[in-house]
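Here is the structure we will look at, set down as structure tokens.
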Amino acid sequence: MDLKAVFFDMDGVLFDSMSNHAKAWCSAFSDLGIEFSAYDAYMREGMTGASTIRDAFTRQLGRDASEEECKRIYKVKSQYFESLPQALPMNHIMDVLRTVKSAGLDIFIVTGSGQLSLLDKLNHYFPDVFHREKMVTAFDVKRGKPDPEPYLMALKKGAYSANQAIVVENAPLGVKSAVSAGIFTVAVNTGILKDEELSGNGAGVVYHDMQELYNELPDIIRKSRREYR
Ligand code: MG
């Protein structure tokens with residue numbers, strides 16, 4: 001490896017937002033009498049809203065959801081989500097970001113989120129860490145995770161090759177996306193899933209919170225530099 005950049009996922013990595021997403025999905029499906037557990041929500045993190053809805057319909061109702069149903073249910077999910085208290089940064093994520101920055105590495109964000117005010121929110125909580133040209137969001141991609149597209153786009157935007165980056169992810173489909181792009185992926189299991197869901201999708205290592213990543217990070221960075229023997 002010849003480490004130059006670290007690509008961060010957002011939900012469940014930068015922000016402790018996954019429990020809110022899971023609650024909102026469970027409520028939206030429960031309104032329709034569709035069984036959908038928090039575990040189901042965590043397993044599908046990173047899928048588009050429409051894919052999540054169509055997947056639940058196929059499994060539970062034995063038919064696909066129409067475009068109109070997808071729109072309507074996603075709107076309900078978003079309303080539930082917005083009624084919950086705003087998610088705060090993950091504990092110790094600022095320590096992680098500072099370590100990466102002070103090592104002289106580039107920082108990218110690669111998220112399926114399509115919030116219009118995303119950069120404002122990031123600048124509010126993490127001043128001077130993220131930049132508009134170093135972000136890949138829902139607006140940049142066609143397929144999204146678990147397709148490698150978003151991480152390949154981050155490599156392209158930064159003019160990096162796969163051996164010059166590492167990814168920090170919390171979700172099975174996010175790990176799959178990053179690994180499919182050929183990038184070494186550090187999983188931090190910040191949610192309720194079994195570790196195997198992350199290692200099984202190709203994560204190089206699985207930690208259990210940001211503090212553990214923070215403790216191991218200097219070693220990861222040292223070993224990923226070209227000069228390391
Ligand atoms: Mg995530």
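For ligands, and for the atoms within them, numbers begin at 1 and follow the listed sequence.
- Note on ring orientation: taking the six-membered ring where Trp is involved, the planes of Trp25 and Phe29 are parallel (angle under 30°, cut-offs 30° and 60°).
- Listed by chain and residue number, Phe108 satisfy the ring-ring contact (aromatic ring centres under 6.0 Å, His included) test with Phe7 (two or more places apart in sequence, or in another chain).
- Counting only protein N, O or S atoms, 4 lie closer than 2.8 Å to the Mg ion (ligand 1).
- Ring pair Tyr74/Phe81: centre-to-centre distance not below 6.0 Å.
- The salt bridge (Lys or Arg N to Asp or Glu O under 4.0 Å) analysis of residues 129-138, with sequence neighbours excluded, yields the pairs Asp106-Lys134.
- Legend: salt bridge (Lys or Arg N to Asp or Glu O under 4.0 Å) pairs involving residues 5-32, not counting sequence neighbours, sorted by first then second residue: Asp9-Lys145.
- Judged by distance alone, with hydrogens and angles left aside, the side-chain atoms of Asp140 form a donor-acceptor pair with the main-chain N or O of Thr137 at under 3.5 Å.
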